[in-house]
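A short write-up of the structure that comes next.
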Amino acid sequence: MHIKTDFLVLGSGIAGLCFAIRAADLGTVAIVTKKEKVESNTNYAQGGIATVTAGSDSFDFHIKDTLESGAGLCKEPTVRMVVTQGPDRIKDLIDWGVHFTLREEPYRTEFDLGKEGGHSHRRVLHAKDLTGREIERALTEKVSSKKTIQIYENHFAVNLICESQILGKKGGKRDTCIGAYVFDIRNNEVHTFQAQYVVLATGGAGKVYLITTNPDIATGDGIAMAYRAGAEINNMEFIQFHPTCLYHPEAKSFLISEAVRGEGAILKLKNGTAFMEKYHPMKDLAPRDVVAQAIDRELKKSGNECVFLDITHKDKGFLKKRFPYIYEECLKFGIDMAEDPIPVAPAAHYQCGGVAINEHGETNINGLYACGEVACSGLHGANRLASNSLLEALVYARNAFTRISKTFGERKDAGIEIPSWNPGGATESDESIVVSHNWDEIRMCMSNYVGIVRSDKRLERARRRIDVIQSEINDYYWDFTITSDLLELRNIATVAKLITECACLRKESRGLHYNIDYPERDDKNWLKDTVIKKA
Ligand code: FAD
Ligand code: SIN
């Protein structure tokens, strides 16, 4: 099938849906998403969206907190732009049907504001502890009401299509993205999507690590595709580990929101001793990099596998009302958070780097935009401030739309005939063990060597292992017909390589990148992004 559309949006999380809702008023939109439409990191967001709404708060406080968390690498104008747009973007969400939790009477007209690590004020708007689910509900409903949007579920974007692949490289000329090859998982076919504008909104890559808060979709497909197409990739070494993922043998990827610490929970060792005061004046509400590194240090020291999050001093009724989802999930594992401290450990959570974009969401490839977690805008620097990512996605989805709407219709269709996908001589594989083995090996290697604490030796080991795995995957990729497992494997290998390469480049410790061979921050030489682009 060959599908022509004005806008091709890859991904149906907050970034993709918000862009699509706006673009639908300009032209035709195809949203391609690899599972069911709500399945995304967005759908699992708990804490909420950081935005200045309270009288006691100010844009300057939110900017300062973001810059401090970012450990010197945030782009200040970007931070200012995002923070000051916040209230208007929240208003858009409310207009599109999102319900945020309000305070009790007599303050029913005010938002109930949560607090999280690194924030000097309460400013996190939330829908109980199911903020992401509420956002996906409202946005997918809004999308359904737009006649110009067609949504393709169970469709996996394989590769971006750029002019240079069809017309050959023209020395020095900026390339232009004109679509993508998309694998229709149910029908086992690859379709060609041709578009004037392609928006990458494919989210992050938590699955590159063994233990992650992310759902299975988070395999870094967009970053890998953009890299293969020649996009600039920045700051991939800054992988954020969330300090408090539920530690239980039967629990898969269950986050205990930082908002629980915002309501007074305290991190404790097995023997009941609180430890965060040793590490930061903000104690349990220090920025996330500090808390995750502190837990890692305490675990290594004690030989234990988890620490405990204690909020048993709070009233059960309050906990059930404020955190109904977390309360119920913990109960399924025999933990009553009103009576038992919750076992927790850090887990890969968020990718601060990604495809480099400017303030309009433009990449270095014409016609290719990126927004949300796949992108690196300069907002997060070396460590994202909690609950700033949903905000970033909202702002950049709008900025990209605003930019495009100024010139929409002026771009000439170059009349390029895109050839259909060529499967070559690929046959069906009877060795899927290769895929599962390499999948496990990459994730193990990244967790052991490119985790919270790194060293030159560990990074070098990871680099060597990933090179070998990548060449094995490459052979396999061209010999056998594609499956979504194989596509994801190829992508996590690429992203693992990008993270490791960026980590090898940065010869200092800053924010989320801690290397024991360079334990200090080096502002003289390293107040800059790491940049990688395919040769
Ligand atoms: P996503 O929401 O991840 O959406 C990506 C979409 O792309 C999905 O639809 C996916 O299926 C699709 N996709 C991916 N690859 C392909 C492909 N090859 N082809 C087709 N489709 C593809 N941030 C906050 O600000 N506040 C919070 O409270 C918060 N809580 C969080 C809790 C959890 C458990 C997690 C995991 C993250 C949390 N975050 C939070 C981070 C935040 O949720 C994400 O950064 C944000 O939702 C990313 O939005 P996105 O639209 O960029 O990507
Ligand atoms: C959380 O609720 O702890 C997650 C918030 C975030 O990742 O921003």
Side-chain angles (χ1 to χ4, degrees), residues 1-3 5 7-13 15-17 20 29-43 136 140 143 149-162 165 177-195 198-208 214-229 231 354-355 368 370 372-374 418 420-424 426 428-429 432 434-436 438-439 442 473-474 476-478 480-496:
M1 224 167 35
H2 189 117
I3 295 132
T5 180
F7 301 98
L8 172 60
V9 179
L10 303 177
S12 56
L17 296 176
V29 184
I31 302 177
V32 162
T33 190
K34 70 178 174 179
K35 283 204 169 163
E36 299 73 43
K37 57 190 169 197
V38 296
E39 192 54 11
S40 57
N41 274 9
T42 303
N43 200 43
E136 282 285 317
T140 49
V143 159
I149 301 180
Q150 172 92 31
I151 187 153
Y152 296 84
E153 291 180 298
N154 301 301
H155 278 62
F156 193 124
V158 179
N159 274 338
L160 297 173
I161 305 169
C162 290
Q165 291 158 243
C177 184
I178 52 175
Y181 288 116
V182 174
F183 177 52
D184 174 348
I185 298 170
R186 294 271 154 85
N187 294 310
N188 246 327
E189 286 169 33
V190 178
H191 305 306
T192 308
F193 281 72
Q194 187 160 2
V198 177
V199 178
L200 264 186
T202 46
K207 295 299 282 189
V208 170
N214 291 190
D216 290 347
I217 55 99
T219 50
D221 302 344
I223 296 154
M225 279 191 281
Y227 171 72
R228 288 194 289 271
V355 181
L368 180 66
E373 191 167 339
V374 70
I418 303 180
S420 299
W421 174 260
N422 177 5
E428 234 164 82
S429 162
S432 47
V434 177
V435 175
S436 60
N438 281 331
W439 173 264
I442 293 170
I473 295 171
N474 250 347
Y476 195 87
Y477 185 80
W478 295 114
F480 298 109
T481 46
I482 54 174
T483 60
S484 37
D485 286 349
L486 177 56
L487 293 171
E488 287 183 341
L489 173 67
R490 182 169 74 134
N491 292 334
I492 66 160
T494 303
V495 175

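Keep in mind that what you see is a predicted model, and the values were worked out from it rather than measured.
When every heavy atom of Cys177 is checked against every heavy atom of Leu368, the shortest pair comes out as CB-CB, 3.9 Å. Nearest heavy atoms, Ala205 versus Val495: CB-CG1, 3.9 Å. Minimum interatomic distance between Ser40 and Pro215 (heavy atoms only, all atoms of both residues): O-CG, 3.8 Å. Heavy-atom minimum distance, Ser484 versus Phe183: N-CE2, 3.8 Å. Across every non-hydrogen atom of Ala229 and Cys162, the tightest pair is CB-SG, 4.1 Å.
Listed by chain and number, the residues in a side-chain hydrogen bond (donor to acceptor under 3.5 Å, both in side chains) with Asn214 are Asn41 (sequence neighbours excluded). In this structure, the side chain to side chain contact (heavy atoms under 4.5 Å, CB included) partners of Val143, at least two apart in sequence or on a different chain, are Leu17, Ile21, Ile31, Ile149. Residues meeting the side chain to side chain contact (heavy atoms under 4.5 Å, CB included) test with Gln150, sequence neighbours left out: Tyr152. For the salt bridge (Lys or Arg N to Asp or Glu O under 4.0 Å) test, residues two or more places apart in sequence or in another chain that qualify with Glu488 are Lys34. Residues passing the side chain to side chain contact (heavy atoms under 4.5 Å, CB included) test with Ala370, sequence neighbours excluded: Leu200, Val355, Ile357, Thr363, Val374, Ala375. Asp216 meets the salt bridge (Lys or Arg N to Asp or Glu O under 4.0 Å) test with Lys207, Lys252; sequence neighbours excluded. Residues satisfying the side-chain hydrogen bond (donor to acceptor under 3.5 Å, both in side chains) test with Asn187, not counting sequence neighbours, are Asp184. Judged as a side chain to side chain contact (heavy atoms under 4.5 Å, CB included), and not counting sequence neighbours, the contacts of Asn474 are Trp478. Every residue two or more places apart in sequence or in another chain that forms a ring-ring contact (aromatic ring centres under 6.0 Å, His included) with Trp421 is listed here: Tyr181.
With values rounded to the nearest 0.5 angstrom, Ile3 atom CD1 is found 11.0 Å from Gln194 atom CD. Taking CE from Met1 and OG from Ser420, the interatomic distance works out to 11.5 Å, rounded to the nearest 0.5 Å. Ile482 CD1 to Leu487 CG: the interatomic distance, rounded to the nearest 0.5 Å, is 4.5 Å. Between Met225 atom CE and Leu160 atom CG the span is 5.5 Å, to the nearest 0.5 Å. One finds the CG atom of Leu486 at 8.0 Å from the CD1 atom of Ile473 (value rounded to the nearest 0.5 Å).
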For Trp439 and Asp485, what are the C-alpha separation, side-chain angles and deciding distance, and is it a side-chain contact (heavy atoms from CB on, under 4.5 Å)? CA-CA 9 Å; Trp439 173 264; Asp485 286 349; over 6 Å; no
Would you sort out whether Glu36 and Asn154 count as a side-chain contact (heavy atoms from CB on, under 4.5 Å), showing the intermediate values? CA-CA 6 Å; Glu36 299 73 43; Asn154 301 301; 4.1 Å; yes
Does Phe156 form a side-chain contact (heavy atoms from CB on, under 4.5 Å) with Val32? I'd like the steps, not just the answer. CA-CA 7 Å; Phe156 193 124; Val32 162; over 6 Å; no
Given side-chain hydrogen bond (donor to acceptor under 3.5 Å, both in side chains), test Arg228 with Asn491 step by step and report yes or no. CA-CA 10 Å; Arg228 288 194 289 271; Asn491 292 334; 3.0 Å; yes
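The backbone N or O of Lys37 sits less than 3.5 Å from a side-chain atom of Glu153, completing a donor-acceptor pair. Within the 3.5 Å criterion, the main-chain N or O of Leu8 finds no donor-acceptor partner in the side chain of Thr5. No side-chain donor-acceptor contact under 3.5 Å links Thr42 to the backbone of Gly13. Between the side chain of Thr494 and the main chain of Ile492, no donor-acceptor pair closer than 3.5 Å is present.
In this structure, Leu489 and Ile442 have side chains that are in contact, with non-hydrogen atoms separated by less than 4.5 Å.
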